[in-house]
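Keep in mind that what you see is a predicted model, and the values were worked out from it rather than measured.
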Amino acid sequence: MLVIAGGAWTLSALFAQASLAGPAATPAPVPTPTLPVEVIDVAAGPVDLVSASGNLWCHFDQDAVQCAVRAVTYDGSPQARCPESAVAVAVALDASGVSTPCVSTVPEVGERLERDVRYVAGDFECVLSASVGAKCTDGEGRGFVLSSDAPLKTLS
């Protein structure tokens with residue numbers, strides 16, 4: 001028994017009062033927004049998508065997706081090994097994985113590559129966002145993140 005200021009409390013009464021508050025409330029998870037999906041039909045031939053700024057281009061065909069950035073704001077572009085390159089960074093994803101091909105020409109025009117839209121062509125999916133850049137993956141989760149603000153990142 002515990003005596004406090006002239007009153008008597010049992011330890012079980014103290015612990016019972018402490019447990020009345022219960023565990024801290026867990027905040028509700030923030031739902032991930034569902035992005036609109038645009039299916040790209042490559043059966044009739046390749047499809048080129050170009051960002052509003054013209055700096056980012058993605059090329060979809062039946063066997064691959066390839067994206068490129070014309071200009072970057074960081075040092076160390078992988079295209080330095082390509083003296084005739086028309087872009088700062090180019091990356092491709094196909095059945096064998098991710099590669100960085102040399103690109104000598106890119107389209108000036110194409111369908112508009114919009115932000116926050118999932119572009120799906122067969123097994124490949126790309127999303128352009130202001131915070132990440134272009135993120136493209138295949139059905140196995142392999143892929144890349146391409147941006148004008150950060151070096152190329154491969155996903156496995």
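- Looking at Thr73, its side chain does come within 3.5 Å of a backbone N or O of Ser148 through a donor-acceptor pair.
- The two residues Phe60 and Ala121 come nearest to each other via the heavy atoms CD2-CB, 3.7 Å.
- Closest of all the heavy-atom pairs between Leu128 and Glu114 is CB-O, 3.9 Å.
- With contacts defined as side-chain heavy-atom distances shorter than 4.5 Å, the pair Asp116/Leu35 qualifies.
- Judged by distance alone, the side chain of Asp48 and the main-chain N or O of Trp57 form no donor-acceptor pair under 3.5 Å.
- Side-chain contact check for Val69 versus Leu56: some heavy-atom pair is nearer than 4.5 Å.
- Cys58 has its SG atom at least 2.5 Å from the SG atom of Cys136.
- Using a 4.5 Å heavy-atom cutoff, the side chains of Val37 and Val39 are in contact.
- Pairing each heavy atom of Arg112 with each of Leu49, the nearest pair is O-CD2, 4.3 Å.
- Remark: the backbone N or O of Gly54 is paired with a side-chain donor or acceptor of Arg70 at under 3.5 angstrom.
- Going from atom CG of Leu146 over to atom CG of Leu93 covers 12.0 Å, rounded to the nearest 0.5 Å.
- Taking hydrophobic clusters as Ile, Leu, Val, Met, Phe, Trp and Tyr residues chained together by side-chain heavy-atom distances below 4.5 Å, Val65 shares a cluster with Leu152.
- In this structure a side-chain-to-backbone donor-acceptor pair under 3.5 Å is present from Ser147 to Asp149.
- Using a 4.5 Å heavy-atom cutoff, the side chains of Leu113 and Tyr119 are in contact.
- Looking only at side-chain heavy atoms (C-beta outward), Gln66 and Val103 come within less than 4.5 Å of each other.
- The backbone N or O of Ser51 lies less than 3.5 Å from no partner atom in the side chain of Arg115, so there is not a single donor-acceptor pair.
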